[in-house]
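Encoded as structure tokens, the structure appears first; notes follow it.
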Amino acid sequence: MTSEIIDTKDLKNDPVFGQLSFDNHEQIVFCNDEDTGLKAIIGIHNTTLGPALGGTRMWQYKSEWDALNDVLRLSRGMTYKSAITGLNLGGGKAVIIGDAKTQKNDALMRKFGEFVNSLSGKYITAEDVGMETRDMDVIREVTPHVTGVSEAIGGSGNPSPVTAYGVYMGMKAAAKYKFGTDNLEGKKVLVQGVGHVGETLVKHITDEGAQVILNDINEARLEELSKKYGANVVLGNDIYGLDLDIYAPCALGATINDASIAQLKAKVIAGAANNQLANELKHGTMLKEKGIAYAPDFLINAGGIINVYAEVVGYDKAESLKRTENIYNTTLEIFNLSEKENITTHQAAFNIAQARIDARKKEQNS
């Protein structure tokens with residue numbers, strides 16, 4: 001233990017409630033364990049529709065402030081993701097601060113699971129960046145409040161393929177709206193980030209005949225997938241001015257910002273990354289003014305949560321895929337509503353999700 005007392009002047013003003021990403025979150029849990037080295041934050045945004053379900057991300061953040069900002073943004077996004085896809089779930093997310101490749105171990109996972117368990121089901125965790133199905137299996141040893149565990153022990157398994165399928169459906173719907181056809185043959189598509197979800201998306205669009213360009217910070221991974229799928233590769237961050245039809249951000253968020261929008265030549269944005277718009281209002285409007293069809297991320301990347309929701313309510317894989325396929329129809333509805341009401345696609349999707357939450361809250365208060 002430390003004997004030092006931190007002076008209030010050394011703390012930032014309003015460290016949680018004053019964060020720009022704080023949006024009336026219900027609960028923020030800071031988890032610390034000296035023995036395992038665990039430092040984690042669980043964000044519970046809203047539980048009006050049901051328990052907060054969202055994955056745990058393990059990432060080497062530059063600062064704890066960055067980690068807090070990420071968990072606030074991600075948990076809020078989960079609220080609207082579940083709402084717009086018709087799931088009886090609230091929004092939550094967790095982040096573990098650390099390098100998943102060198103610092104992750106079973107003891108750390110179990111300790112994190114104990115913190116999840118202490119919330120008595122208000123938050124249900126799942127897999128996200130830096131985590132794998134096996135990690136969920138370890139967490140299951142200490143809490144039932146975890147999804148995405150192995151199919152061998154009754155779970156739904158890795159959600160990445162279903163997430164990718166939903167993004168693929170959303171991309172086809174956006175193409176239908178913008179180009180008049182959902183056929184991706186011959187379309188130039190940049191996939192930024194080729195992890196589990198990104199690779200599966202690459203397979204879908206390659207099989208359909210798209211001209212795929214890959215971008216990732218892992219050059220060895222790029223070389224491997226380039227050979228596997230016959231795709232072209234572009235290195236570095238100077239990618240937004242490329243001659244493209246579709247930009248698919250599948251890595252971390254906030255890649256759609258002042259600088260990237262100014263360069264973008266793509267007519268469609270449809271990808272798996274969360275929180276793609278650095279500023280929802282400003283950058284959503286900029287895309288609309290530029291005539292770029294943006295498929296809202298929290299809608300089209302919802303396949304993963306649809307998949308793990310099966311473990312909560314008990315439907316099968318076929319039903320998961322059927323619900324995920326419906327992302328195509330919902331995406332088209334969002335584009336049509338955006339055009340009809342002259343609002344951004346992000347706002348259109350947000351309005352539908354918020355209306356469902358408000359209706360449930362009214363029922364509960366009546």
Lys203/Asp207 salt bridge by N-O under 4.0 Å criterion: yes
Atom CG of Asn279: over 12 foreign heavy atoms under 6.0 Å: yes
Parallel, tilted or perpendicular, as decided by the 30° and 60° cut-offs, for the rings of Tyr168 and Tyr165: tilted
Separation of Ser160 OG from His196 NE2 (nearest 0.5 Å): 5.5 Å
Side chain to side chain donor-acceptor pair (under 3.5 Å) evaluation trace for Tyr80 with Ser82: CA-CA 5 Å; Tyr80 299 107; Ser82 292; over 6 Å; no
Tyr229-Glu199 side chain donor-acceptor pair, cut-off 3.5 Å: yes
Nearest-0.5 Å distance, CZ of residue Arg110 to CD1 of residue Ile139: 10.5 Å
hydrophobic_cluster_shared for Met78 and Ile42, side chain cutoff 4.5 Å: no
Modelled atom types, side-chain donor and acceptor of Asn274 and Asn301, under 3.5 Å: yes
Ion pair check, Glu280 and Arg76, cut-off under 4.0 Å: yes
Check ion pair Lys228-Glu224 (N to O, under 4.0 angstrom): no
Presence of salt bridge, Lys178 and Asp245, under 4.0 angstrom: no
Donor-acceptor side-chain pairing of Thr255 and Ser260 below 3.5 angstrom: no
Distance-only polar pair, side chains of Asn336 and Tyr177, donor-acceptor under 3.5 Å: no
Plane angle bin for His25 and His45 - parallel if under 30°, tilted between 30 and 60°, otherwise perpendicular: perpendicular
Asp258 and His283: side chain donor to acceptor below 3.5 Å: yes
Step-by-step side chain to side chain donor-acceptor pair (under 3.5 Å) determination, Ser156 to Glu311: CA-CA 7 Å; Ser156 58; Glu311 296 178 40; 2.5 Å; yes
Donor-acceptor side-chain pairing of Asn183 and Lys176 below 3.5 angstrom: no
Verdict with supporting geometry, Thr344 and Thr285, side chain to side chain donor-acceptor pair (under 3.5 Å): CA-CA 6 Å; Thr344 68; Thr285 301; 5.7 Å; no
Within 6.0 Å of NZ in Lys322, more than 12 heavy atoms from elsewhere: no
Distance-only polar pair, side chains of Glu26 and Thr47, donor-acceptor under 3.5 Å: yes
Heavy-atom closest contact (Pro296 atom, Ala349 atom, distance): CG-CB, 3.9 Å
Rounded distance (nearest 0.5 Å) linking atom CG of Leu53 with atom OG1 of Thr79: 11.0 Å
Passing candidate, salt bridge (Lys or Arg N to Asp or Glu O under 4.0 Å) with Asp243, options Lys267, Lys265, Lys187, Lys188: Lys188
Glu223 CD: over 12 foreign heavy atoms closer than 6.0 Å: no
Between Ser150 and Asp137: side-chain donor-acceptor atoms closer than 3.5 Å: yes
Distance-only polar pair, side chains of Asn88 and Arg360, donor-acceptor under 3.5 Å: yes
Donor + acceptor pair across side chains of Asn237, Tyr240 (<3.5 Å): no
Parallel, tilted or perpendicular: rings of Tyr315 and Tyr309 (30°, 60°): perpendicular
Under 3.5 Å side-chain donor-acceptor pair for Asn69 and Ser21: yes
Donor-acceptor pair between Glu333 and Asn329 side chains, under 3.5 angstrom: no
